[in-house]
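Side chains are part of it too, since the values below use all heavy atoms of this structure and drop only hydrogens, waters and symmetry mates. Quick note on labels: first sequence line is chain A, next is B, and so on, each numbered from 1.
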Amino acid sequence: MFGLVDLSNFYASCEQTFRPSLRGKPVVVLGSNDGCVIARSQEAKALGVPMGAPWFKVSHLAQSAGLVALSANFPLIGDMSARFMSLAAGFGHQLEAYSVDEAFADLSGIPGDLTLRGFKIRARIRQWLGLECGVGLGGTKTLAKLANLVSKDAERKPGRYPAHLAGVCNFGDLSQAQLEAVMRATAVGDVWGVGRRYGAQLLELGVVSAWDLAQLPPSLVRKRWGLVLERTVLELQGVSCIDLEAVPGPKKQVGVSRSFGKGLEGLDGLLEAVGEFAARAAVKLRKQGSVAGQVFVFAQTSPFRPPPHFSRGLCVPLASASADTRVLVAAAHAGVRAIFQSGVEFNKAGVFLLDLCPANRRQEAFDFGEMGSEIDEQLMATVDHLNQRFGRGTVLVGGAGNTRRKTDWSPKQSRLTPQYTTRLSDIPVAKA
DNA sequence: TCTGGGGTCCTAGGACCC
DNA sequence: TCTGGGGTCCTAGGACCC
């Protein structure tokens with residue numbers, strides 16, 4: 001048995017929790033450029049603000065309906081997410097932190113009433129975090145995910161599902177006929193693993209609901225759509241194919257990319273931006289104890305602008321795998337110089353570190369002759385430590401052009417950004 | 001004026017080898 | 001010189017997730 005706990009309207013609800021004046025009001029959270037909506041409060045959803053909408057298309061609602069827009073506050077989100085995970089960990093034997101606001105729990109063999117257990121975890125999260133969540137239980141991850149959707153929509157969309165499934169929905173409690181009715185009431189596109197593309201293709205074939213999808217022969221689905229969707233069908237049928245991953249493996253690639261607040265022209269600005277992206281990616285890399293063998297750099301114009309469009313990327317292989325900011329920034333810079341074209345107004349750029357492997361497995365032969373490498377590693381560790389303790393940007397690594405900004409390539413600072421000083425350490429903590 | 005920032009996995013097809 | 005078929009590796013692109 002799997003359980004899925006999923007926070008409701010996480011980003012927007014965090015803001016409402018910390019600013020009581022926002023409670024009950026329509027709130028949206030905007031992406032880093034204040035460009036588009038990345039999260040909505042329940043009230044904003046009710047207003048019909050679509051996910052991903054560019055702000056300029058919905059900003060009129062600020063006047064007419066009191067819609068409040070805030071810039072995303074990632075440190076707050078991160079703290080709240082960690083707290084959420086520690087509470088959700090009490091649900092089952094093992095917990096998989098699936099995303100910032102969702103966690104799968106392994107409930108197999110847990111004695112007692114699991115539905116009651118779901119209500120208890122929900123109450124704890126409300127009490128300690130001031131956040132609402134939905135709890136879904138099912139025999140596979142896909143069914144737990146579906147049950148979770150039901151637990152939320154039974155409340156939000158009265159009439160779609162039986163009202164008693166609101167808050168906590170345990171498919172184990174349902175009869176076959178009840179489960180069929182629930183799955184028939186769920187659109188095929190709402191199934192985990194069915195995106196826009198597959199959803200449209202399935203609809204064309206008359207596969208309308210989750211129930212319809214579950215009736216398809218898996219082998220046929222595999223032939224037409226491949227292994228991934230076949231697994232989805234099997235999981236809907238109750239055959240567990242996707243295991244709980246309690247300990248996430250190391251990432252196979254890490255990257256940092258951004259859109260620029262306004263178009264960026266000229267090599268210097270692009271070098272600065274990409275240098276900082278490489279430096280930030282390097283921090284992520286060292287955090288998981290890896291070294292990278294290749295650095296991928298890309299830069300592009302806005303696809304929303306009229307042509308001509310520009311989009312180029314380049315993979316720069318390293319002589320030996322490294323996690324040294326100076327090496328990675330230098331490689332990223334070499335890539336930028338190679339793809340740069342003057343007269344182009346860049347809208348977005350990024351750096352991905354590829355070919356990752358554990359730092360300790362690096363071949364000793366490569367280190368031979370680089371007598372300073374151990375000292376370099378200590379240097380990077382010290383820089384990371386200082387920046388973590390005193391805030392990002394306290395110490396910068398020079399020598400590879402990664403210096404304090406001269407060009408303003410950054411997203412514009414929003415006047416909407418709330419300046420929170422509250423941290424989770426200011427809030428009472430539940431004893432584990 | 002203004003359109004997010006991350007990731008994962010699978011598949012098809014080409015190159016190459018025997 | 002001509003040739004089949006199978007295996008493996010790599011890469012680009014597509015689809016999905018939040």
TODO: Please state the P separation for the pair C/dC17 and B/dT3 - nearest whole angstrom.
DONE: 25 Å

TODO: Would you kindly compare A/Q253 and A/Y11 by the position of their nearest DNA chain B nucleotide and give the one closer to the 5′ end?
DONE: A/Y11

Open item on the list: By nearest heavy atom, map A/R305 and A/K348 onto DNA chain B; which one lands nearer the 5' end?
Closed with: A/R305

Open item on the list: What's A/R231 touching, base or sugar-phosphate or nothing? Going by heavy atoms closer than 4.0 Å.
Closed with: sugar-phosphate

Task: Separation of B/dG7 P from A/E245 CD (nearest whole Å) - done: 16 Å

TODO: Assign A/V100 to base, sugar-phosphate, or nothing according to its heavy-atom contacts below 4.0 angstrom with the strands shown.
DONE: nothing

- [ ] For the side chain of A/K284, starting at C-beta, report the closest nucleotide among C/dC16, C/dC18, B/dG6.
- [x] B/dG6

Open item on the list: Checking contacts here: which listed nucleotide (B/dG6, B/dT3, C/dC18) is nearest the side-chain heavy atoms of A/S99?
Closed with: C/dC18

Task: A/S41 and A/N9 side chains, donor-acceptor separation under 3.5 Å - done: no

- [ ] Look at A/K252 and B/dC9 and indicate whether a side-chain polar atom (N or O) is within less than 4.0 Å of OP1 or OP2.
- [x] yes

TODO: Ignoring backbone atoms, establish whether A/K141 has a side-chain N or O less than 4.0 Å from OP1 or OP2 of C/dC17.
DONE: no

- [ ] Report yes if at least one side-chain N or O of A/R258 is closer than 4.0 Å to OP1 or OP2 of B/dG6; otherwise report no.
- [x] yes

Task: Side chain of A/D101 (C-beta onward), nearest among C/dC18, B/dT3, B/dG7 - done: C/dC18

Task: Polar side chain donor-acceptor pair, A/T232 to A/Y198, under 3.5 angstrom - done: no

- [ ] Determine whether the side chains of A/W192 and A/E235 contain a donor N or O and an acceptor N or O closer than 3.5 Å.
- [x] no

- [ ] To the nearest Å, give me how far apart NZ (A/K57) and C1' (B/dT1) are.
- [x] 15 Å

Open item on the list: Please name the nucleotide paired to C/dG13 by Watson-Crick or G-U wobble geometry with both distances under 3.5 Å, or report none.
Closed with: B/dC10

Open item on the list: With a 4.0 Å limit, can you tell me whether A/S259 has a side-chain N or O closer than that to the phosphate oxygens OP1/OP2 of B/dT3?
Closed with: no

Open item on the list: Rounded to whole Å, please give me the gap between CZ in A/R224 and P in B/dA12.
Closed with: 14 Å

- [ ] Between B/dT11, C/dC16, B/dG4, spot the one nearest the side chain of A/R197, thanks.
- [x] C/dC16

TODO: For residues A/L143 and A/L236, report the shortest heavy-atom separation together with the two atoms involved.
DONE: CD2-O, 3.8 Å

Open item on the list: Just the rounded figure in Å: distance from C1' of B/dT1 to CG of A/L30.
Closed with: 15 Å

Task: Selected nucleotide, minimal atom distance to A/S257 side chain, candidates B/dT3, B/dG6, B/dT1 - done: B/dG6

TODO: Look at the side chain of A/V254 and decide which nucleotide, out of B/dG7, C/dC16, C/dC18, has an atom nearest to it.
DONE: B/dG7

- [ ] Indicate whether any N or O donor in one side chain lies under 3.5 Å from an N or O acceptor in the other, for A/S99 and A/D101.
- [x] yes

Open item on the list: Under 3.5 Å for both donor-acceptor distances, Watson-Crick or wobble: does C/dC18 have a partner, and if so which one?
Closed with: B/dG5

Open item on the list: Is it the case that over 12 heavy atoms from other parts of the model lie below 6.0 angstrom from the CD atom of A/Q127?
Closed with: yes

TODO: Assign A/W225 to base, sugar-phosphate, or nothing according to its heavy-atom contacts below 4.0 angstrom with the strands shown.
DONE: nothing

Task: For atom CG of A/D34 and atom P of B/dG4, their distance in whole Å - done: 12 Å

TODO: Tell me what A/V256 touches on the nucleic acid: a base, only sugar-phosphate, or nothing, going by heavy atoms under 4.0 Å.
DONE: sugar-phosphate

Open item on the list: For a quick test of reading the model: is some side-chain N or O of A/K251 closer than 4.0 Å to OP1 or OP2 of B/dG6?
Closed with: no

Open item on the list: In whole Å, I'd like the distance from the CG atom of A/L227 to the C1' atom of B/dT11.
Closed with: 10 Å

Task: Atom pair distance, as rounded to whole Å: CZ in A/F304 and P in B/dT1 - done: 16 Å

TODO: Could you measure between the two P atoms, the one in C/dC18 and the one in B/dC2, and give it in whole Å?
DONE: 30 Å

- [ ] Look at all strands and tell whether A/F352 reaches a base, only sugar-phosphate, or nothing, counting heavy atoms closer than 4.0 Å.
- [x] sugar-phosphate

Open item on the list: Applying salt bridge (Lys or Arg N to Asp or Glu O under 4.0 Å) to A/E102 and A/K145, what does each step give before you reach the verdict?
Closed with: CA-CA 10 Å; A/E102 274 175 87; A/K145 193 89 172 142; 2.4 Å; yes

TODO: Send over the distance from A/Y198 OH to B/dC9 P, rounded to a whole Å.
DONE: 15 Å

